There are 2 protein chains.
Amino acid sequence: MARQTRTISATQLTGAQERFIQTWGQMGPSWGISRTMAEVHALLYISGQPMNTDEVMERLSISRGNASMSLRALVEWSLVTRVHKRGDRKEYFEADRDAWSMARTIIRERLRREILPLLTTLYDIREETGERSADASGTAGPASPAHTETVAEHNRRLDALVELIQTIDKLGERFVGSEGKGGGGLKLAATVLSKVV
Amino acid sequence: MARQTRTISATQLTGAQERFIQTWGQMGPSWGISRTMAEVHALLYISGQPMNTDEVMERLSISRGNASMSLRALVEWSLVTRVHKRGDRKEYFEADRDAWSMARTIIRERLRREILPLLTTLYDIREETGERSADASGTAGPASPAHTETVAEHNRRLDALVELIQTIDKLGERFVGSEGKGGGGLKLAATVLSKVV
DNA sequence: CTGTACTTTCAAGAATGATTGAAAATCATG
DNA sequence: CATGATTTTCAATCATTCTTGAAAGTACAG
């Protein structure tokens, strides 16, 4: 079987990069970051090279302000790091080259920004309507049995959700926690699961 | 230790529901659905009762059109089902009561809507720049060794990403696939992982 | 210090997405 | 099949988020 090893032209490479950037950019919003931010990340990831603000602006046709904002946000997400080139005063930005560590970073940040605050609020709301599995039968009061039962059901639903979010949180922390070359926790977890479950 | 079993007033219950709806609604956008849609879902979930369009409009202070749209979207996500009440011409809507099955549904839908199309496009882009791990050394042509190496690196990065997304996809399908009472795959997976990894 | 190169900020404008409300479509019933 | 109840649609409006570009800020070399 003849393996046809075509030579790839520079134009084709750029074309492929372009499509990748667009595709990744479209995913951004679904993953909680803005389209442009995802595009900048895609550019840095796929090109593999550190770039300065001007290069990013140029390549993506975006304004200086936008490039600056997006790069900073990416640095805050720890998806991109600042690097310096000797003899050049400009700042360069470089994407994490390891896709698996990228995934860990995203999970880590989303836990921190979304899941933890959600859990905190949920706990708080849960407290408003009494102790866990409280049986209110001991108390004579204005509450009808029906109302008491309603409250109990409310609490059951809330508890179920809290348990779910807690599990997601714990799972996420496992994934994130165990580092290691080549994917670490996430990759291992995937392997384990595909055999066990 | 005296367990203080307060009686919860109707106002307190409504207050807790309100906070829950708001909290859940805020999560919506981060999870790829609109705020209102998440609020409607929260309302149906936490109240535990089937509601018709007018009740939803009233409780959430939104327009009829908005309520209709949001409910339909929720039905399309399979998070909510239509139910009918005898002797009532209105349509009622009821949320899935099981938090774990809810989670499975969300994962299933996001795989279908986001991950699969992404994978397809990624495969397609990957093809543009040649066979897997092709060694171009056999071909004499306009390509410099440096350029050939650049293409090879591009392909490596793309392959790493494809592998990652594939793993996410497979993981997701495991979670979703094994049903079973009380959480099935997802819950089991969580248990397994917390021991193994 | 001063001038220059570079980066960040932010108010205004543009683009995108959500919401409304009323008209059109659908549906159940007598 | 005609009527009234109910749901859906969709153009217009409103809200939010994104983007720009120029001014302000920083940092460095001489």
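Everything numeric here is computed off the predicted structure, so don't read it as measured data. Chain A is the first sequence line, chain B the second, and so forth, proteins listed ahead of strands; every chain is numbered from 1.
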Side-chain donor/acceptor of B/S70 to backbone N/O of B/N66, under 3.5 Å: yes
Contact under 4.0 Å: B/S34 side-chain N or O vs C/dG17 OP1/OP2: no
Phosphate OP1/OP2 of C/dT16 contacted by A/R35 side-chain N/O (<4.0 Å): no
CZ/B/R113: more than 12 non-hydrogen atoms of other groups inside 6.0 Å: yes
Pairwise 5' ranking along DNA chain C for B/M37 and A/G65, keeping only the more 5' one: A/G65
First of B/M69 and B/R89 reached from the 5' end of DNA chain D, by closest nucleotide: B/R89
Value in whole Å for how far the C1' atom of C/dT19 lies from CE of B/M57: 12 Å
Among C/dT19, D/dT7, C/dT8, the nucleotide that comes nearest once only the side chain of A/R82 is considered: C/dT8
Whole-Å gap separating P (C/dA5) and CG (A/N52): 15 Å
5'-most by nearest nucleotide on DNA chain D - A/I62 or B/N66: B/N66
Pair A/E173 + A/K170: basic N to acidic O under 4.0 Å: no
A/S63 side chain near D/dT19 phosphate (N/O to OP1/OP2, under 4.0 Å): no
side-chain N/O B/T36 vs C/dT19 OP1/OP2, d < 4.0 Å: yes
Distance in angstrom units between A/D88 CG and D/dA29 P, rounded: 12 Å
Whole-Å distance separating the CZ atom of A/R64 from the C1' atom of C/dT9: 14 Å
Whether A/R35 side chain and A/G25 backbone form a donor-acceptor pair below 3.5 Å: no
Salt bridge flag under 4.0 Å for residues A/E149 and A/R156: yes
Integer-rounded Å distance: D/dC18 C1' and A/Q26 CD: 17 Å
B/E91 CD to C/dT26 P, straight-line distance once rounded to whole Å: 15 Å
Interatomic distance, A/K90 NZ vs D/dA27 P [rounded to whole Å]: 18 Å
Euclidean distance, atom CZ of residue B/R72 to atom P of C/dT26 [Å, nearest integer]: 13 Å
